[in-house]
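Just so you know, these numbers use all the heavy atoms, side chains as well, and skip hydrogens, waters and symmetry mates. Convention: sequence-line order gives letters A, B, ...; per-chain numbering from 1.
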There are 2 protein chains.
Amino acid sequence: MTLSEENYLKAIFNLQQETDKGVSTNAIAEFMDTKASSATDMIKRLSEKKLLIYKPYQGARLTDKGRMHAVKVIRKHRLWETFLVENLEFSWDEVHEVAEQLEHIDSDKLIKQLDKFLGYPKNDPHGDPIPDENGNIATIEKKILAELQKNDEGICVGVDDSSSAFLKYLDKLNISLGNNIKVIEKEAFDNSMSIEVDGNKLTISSLASKNIYIKKTK
Amino acid sequence: MTLSEENYLKAIFNLQQETDKGVSTNAIAEFMDTKASSATDMIKRLSEKKLLIYKPYQGARLTDKGRMHAVKVIRKHRLWETFLVENLEFSWDEVHEVAEQLEHIDSDKLIKQLDKFLGYPKNDPHGDPIPDENGNIATIEKKILAELQKNDEGICVGVDDSSSAFLKYLDKLNISLGNNIKVIEKEAFDNSMSIEVDGNKLTISSLASKNIYIKKTK
DNA sequence: ATTAATTTTTAGACAAATCTAAAAATTTGT
DNA sequence: ACAAATTTTTAGATTTGTCTAAAAATTAAT
């Protein structure tokens, strides 16, 4: 399996999460920041390798084999991100680029031992679940902060946007995973929110509140 | 810099250590387990990038730029090997293959932090020196065990052959880095040796004794 | 039910890295 | 010095992954 094939598998896996329809050639091309003709070529290759099933105008769907492979890459990515933050003093906005490289290292023993070394972590530094060895991905009942009502309360368990800009912004606001967040006020005018983060009051925009996941406690 | 280019650079660096002559196309091809025509192509590319200077029939020599890059790859390789043995329970005969992949990961911060995490190690699990950030490689006065005389004594500081087969053989004999080794007897007939390793007496073949490095103490 | 818009595929080219087979250049041996 | 042996290069093909531009297929709209 080449690096490029793995990246396409990952892309298709991610796009598939968002719908129950097949993933279109154009959608894949856009996600991969490439041209539709390139996507067509790769779809053909992955299809020949039985990693996905493709029907024109109905999109691509990963086979069990394809899904398993994609999840393994995601598992590696998230374990490496955890290592970088926990052991190499990376901050959560710096890990992605390096993990994109490390995720393609091929060694079962390596990933097994890394998992053990890290103490079998459940989530990566952005709160995303780390798939287990068998490809199972745990889900938790989380809500988008923007959907909470006044006086609702919960724990910050993840972010939807893992871009460096957004993560740095959260750092500045002192919002991080595990924080207790309470909705003080919702502003109907622009959908901004007054919230209390571990005791500190602050205001965040609608856009920001749509990218923060909360596990409700109240 | 592509993966393949880095591997050729490393090969040429290694071959250059063994002679003061330039490294021939054929020698490179043989080392890389490929054909001379492929080596010619790559030499041309590396030459265009000013990573080496090549004169037909006189061989290739790395420029400062080329040497620096090769050494950086070697630094990464040896740091990762150290990590695998020290933290992920790999044995010294298992690390090479994985390190061959990890050495190509491109991130200055990663390697700097890994070095710090490992406590700035001086040598990798095979006793080879880890180049510093500036590309300097420490040398120690070591001798091949086969060259020691009766009653000579020293510390095992490295191996010349890092093949899995040889390293496993050393494990079986309970020989590892740091052991004190004393020559009890040299057999003129087949050049085998009786030695004492941290108190235990054993006999090793001429071939084995040529692949063990000793830092003499007596 | 045709046209229009969109989606997808094909055709042909390119760069990287390799190969085989043959040709060219250089060195060595007598 | 000349043929023989060796080393190196060229020429042309192949695979992977990409591109542009154009053609074909399908879906949507009036």
How about [X] and [Y]: do any of their side-chain heavy atoms sit closer than 4.5 Å?
| X | Y | value |
| --- | --- | --- |
| L118(A) | N87(A) | yes |
| D160(B) | I144(B) | no |
| M32(A) | M42(A) | no |
| T63(B) | M68(B) | no |

Tell me: [atom1] of [X] to [atom2] of [N], nearest whole Å?
| X | N | atom1 | atom2 | result |
| --- | --- | --- | --- | --- |
| K35(A) | dA23(D) | NZ | P | 19 Å |
| M32(B) | dA16(C) | CE | P | 17 Å |
| M42(A) | dT16(D) | CE | C1' | 8 Å |
| H104(B) | dA17(C) | NE2 | P | 12 Å |
| L3(B) | dG17(D) | CG | P | 14 Å |
| L9(A) | dG17(D) | CG | C1' | 15 Å |
| L46(B) | dT18(C) | CG | P | 11 Å |
| E6(A) | dG17(D) | CD | P | 11 Å |

L51(A), V23(A), T25(A) screened by side chain to side chain contact (heavy atoms under 4.5 Å, CB included) with I43(A), the one that passes = T25(A)

With the threshold set at 4.0 Å, does a side-chain nitrogen-carboxylate oxygen contact exist between E103(B) and R78(B)?
-> no

Counting side-chain heavy atoms from C-beta on, which of dT18(D), dG17(D), dA17(C) comes nearest to Y8(A)?
->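 Nearest nucleotide to the side chain: dT18(D).
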
Of the nucleotides dA16(C), dG17(D), dC19(D), which has the atom closest to the T34(A) side chain?
-> dC19(D)

Scan nucleotides 3-14 of chain C nucleotide by nucleotide, 5' to 3', and note B when protein non-hydrogen atoms come under 4.0 Å of the base, S if they reach only the sugar-phosphate, - if neither.
-> ----BSBB----

Are OP1 or OP2 of dT16(D) and a side-chain N or O of S4(A) less than 4.0 angstrom apart?
-> no

Considering just the side-chain nitrogens and oxygens of R45(A), establish if one lies under 4.0 Å of OP1 or OP2 belonging to dT16(D).
->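 For R45(A), the contact criterion (side-chain N or O under 4.0 Å from OP1 or OP2 of dT16(D)) is not met.
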
Look at all strands and tell whether S38(B) reaches a base, only sugar-phosphate, or nothing, counting heavy atoms closer than 4.0 Å.
-> base

By side-chain contact (heavy atoms from CB on, under 4.5 Å), S209(B) pairs with (sequence neighbours left out) L145(B), A146(B), M193(B), I204(B)

